[in-house]
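Let me begin by handing over the structure; questions about it come next.
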Amino acid sequence: LVPQENNLDPDLSVRQNLEVYGRYFSLPSDLLDERIPELLDFMQEFHARTFDVVTGRDGRVVKHIGDEIMFTDADPAQACDIARSFGEIG
C-alpha cells in the first residue's frame with residue numbers, strides 16, 4: 001500500500017525525514033545541507049520562545065505540534081491575552 005497523504009517515517013529522525021522529502025522534490029544536496037539546519041534552529045527557537053511566553057504568564061504548555069502550540073490557562077481572558085501576545089514575538 002502507498003499512502004495518499006504526506007507521512008513522516010517514525011523510524012527516521014526529523015533531519016532524515018527532511019532529507020527524504022527534499023530529495024523527493026529534487027532539491028540539491030548543498031541546498032538541503034544549508035537549509036535543514038536553519039529550519040531545525042528556527043523551530044527550536046520557536047518552541048523556546050512560545051514556551052517562555054505561555055509559562056511567563058502562568059499558562060501551561062500542553063504540546064507543540066509542528067509550528068503550532070497547544071496551551072491552557074485557568075482564566076479564559078488570560079489565555080486570550082497569551083494567544084494575542086504571540087503576534088508580538090519578534
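Quick caveat: nothing in here was measured; it's all calculated off a predicted structure.
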Shortest non-hydrogen separation from P37 to D33 and the atoms involved: CD-O, 3.2 Å
Q78 (side chain) donor-acceptor with R57 (main chain) under 3.5 angstrom: yes
From CA spacing to verdict: side-chain contact (heavy atoms from CB on, under 4.5 Å), V61, F51: CA-CA 7 Å; V61 173; F51 181 86; 3.5 Å; yes
Between NE2 on residue H47 and CG on residue D52, distance to nearest 0.5 Å: 12.5 Å
Side-chain (N17) to main-chain (S13) donor-acceptor, under 3.5 angstrom: yes
Separation of E38 CD from L40 CG (nearest 0.5 Å):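 Taking CG in L40 and CD in E38, the distance rounds to 10.0 Å.
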Heavy-atom closest contact (D58 atom, D73 atom, distance):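 It is O-OD2, 3.6 Å.
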Q44, CD atom: more than 12 neighbouring heavy atoms under 6.0 Å: no
Neighbour count above 12 (heavy atom, 6.0 Å) for M43 CE: yes
Parallel, tilted or perpendicular: rings of F25 and Y21 (30°, 60°): parallel
Which atom of R60 lies closest to which atom of V54, heavy atoms considered: N-CG1, 3.6 Å
Atom of Q16, atom of L12 and distance for their closest heavy-atom approach: OE1-CA, 3.4 Å
Contact summary for V53 and S85, nearest pair of heavy atoms: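 Reported closest heavy-atom pair: CG1-OG, 3.2 Å.
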Nearest atoms (heavy-atom pairs only) where E19 meets L32: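 Answer, listing the atom of E19 first, then L32: O-CD1, 4.2 Å.
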Residues, nucleotides or ligands: over 12 heavy atoms within 6.0 Å of F46 CZ: yes
E68 CD to K63 NZ distance, which is reported to the nearest 0.5 Å: 10.5 Å
